[in-house]
There are 2 protein chains.
Amino acid sequence: MTDINNQDREADAEAQPSRKEAVGDELVRQGIELLFFAYRDFTAEPDAILDQYGFGRAHHRVVHFVGRHPQMTVGELLDILRITKQSLNRVLGQLVRQGFIVQHRGAQDRRQRLLELTTSGRELEHRLSEPQRARIAASYRKAGAPAVDGFRKVLLGIIADDEDRRRFEPAPPGQR
Amino acid sequence: MTDINNQDREADAEAQPSRKEAVGDELVRQGIELLFFAYRDFTAEPDAILDQYGFGRAHHRVVHFVGRHPQMTVGELLDILRITKQSLNRVLGQLVRQGFIVQHRGAQDRRQRLLELTTSGRELEHRLSEPQRARIAASYRKAGAPAVDGFRKVLLGIIADDEDRRRFEPAPPGQR
DNA sequence: CGAAATAAGTCAATATGACTGACATAAATA
DNA sequence: TATTTATGTCAGTCATATTGACTTATTTCG
């Protein structure tokens, strides 16, 4: 098989280096590919498990976020996933009908449907996240704490939305 | 809007700390979400551009890898993308018919179709990658070189395949 | 109070990207 | 020559997403 790596690195890159501390184009392009390959492999194992249930990646995302944020509303889930209500509804409806998620009305606002995993929902979440947790934990262990910190910093910088970045801030002080 | 962040961090995590230097469960779960949010935002801008052409994310991936590895074969592209020949062919066929990619027979092996971007293919590639390069470069600049190094280390650790990891190794010494 | 806005759900039509399976052609290789 | 390999293609299916229109229940605002 031809060696795909065999090419000019940094070929005519930085012909006009920008004023403000240019980041090497090759380094940036490798970043793009690292994200692609990591995400591809990161989702491959859960995808195989989902198949057994007749579910897809969308179900995984719903189960993940509901698991992490019990009592979240449908609207919050829509904000996070950035999909339409109709798209979510098919997936969420299946999970509810098959007993992985329960909905109940909000106490203050009775229009809201608060979402929560059932026991089998938690089992499913655990099975799905297991390979991902293992993969990340192994990589974290191998790379070491400073690298993990850099990983987090760079990914946070890539995330566009302030609201979403805030999810990863240390817990606010006065929040017993 | 309810504060989704308001929850127990590290709740009953590490009840049985493993022998081999456990990585905090909360840290790992945040890693999962960081990847999700970063990938979501990383693909949003190119997706909007692709819409203008009537293309999807699959076209982006093909244009990206052919751009980076001129003269690559269809088989190599299949290996990288991990999709079926039939899936690739629809997308690749459109790109060829619309003049973004040219194919020509391999010199040694005439069964192969070597892929290459045309001038408009390179333009398309550039338009699509521009927001991604900008996003990564900005994040790299802000996070600094050691963080970038950690980012790369951790992502490399997440990538499953040896073959794919090798793409990111420094160019082998004796390879003038 | 009553009108407007909001949260959620639904129906219908459509597109994209992926899959499996079967098969065809040309070229290289054993 | 027979087999394997690289590529392409036909047909059918499925999951995920879209837009647009509309309903119901509930909250909020003038």
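Below, chains carry the letters A, B, ... as their sequence lines are ordered, and counting in each starts from 1.
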Give a yes/no answer on whether the side chain of [X] brings an N or O atom under 4.0 Å of OP1 or OP2 in [N].
X      : N      : answer
B:R90  : C:dA15 : no
A:R105 : D:dT26 : yes
A:H59  : D:dT16 : yes
A:S87  : D:dT16 : no
B:Q103 : D:dG8  : yes

What's A:Q108 touching, base or sugar-phosphate or nothing? Going by heavy atoms closer than 4.0 Å. sugar-phosphate
Between D:dT18, C:dA8, C:dT10, which one does the side chain of A:V74 approach most closely? C:dA8
Whole-Å distance separating the [atom1] atom of [X] from the [atom2] atom of [N]:
X      : N      : atom1 : atom2 : result
A:Q112 : D:dA25 : CD    : C1'   : 13 Å
A:D109 : C:dA5  : CG    : C1'   : 12 Å
A:Y53  : D:dA15 : OH    : C1'   : 18 Å
A:R110 : C:dG9  : CZ    : P     : 14 Å
B:L95  : C:dT16 : CG    : P     : 13 Å

Do the charged groups of [X] and [Y] touch, with an N to O distance under 4.0 Å?
X      : Y      : result
A:R135 : A:D41  : no
A:E163 : A:R166 : yes
B:R167 : B:E76  : no

Taking the inter-plane angle between the rings of A:Y53 and A:F55 on a 0 to 90° scale, is it parallel (under 30°), tilted (30 to 60°) or perpendicular (over 60°)? parallel
Do A:V91 and A:L81 belong to the same hydrophobic cluster, where Ile, Leu, Val, Met, Phe, Trp and Tyr are linked whenever their side-chain heavy atoms lie under 4.5 Å apart, directly or via other members? yes
If you take atom types as modelled and just measure distance, does the side chain of [X] reach the base of [N] with a donor-acceptor pair under 3.5 Å?
X      : N      : result
A:Q86  : D:dG20 : yes
B:R113 : D:dT7  : no
A:R111 : C:dT6  : yes

Would you mind telling me which residue lines up with the more 5' stretch of DNA chain D, A:R57 or A:K85, judged by nearest nucleotide? A:R57
On DNA chain D, check which nucleotide each of A:F55 and B:N89 is closest to and give me the residue with the more 5' one. B:N89
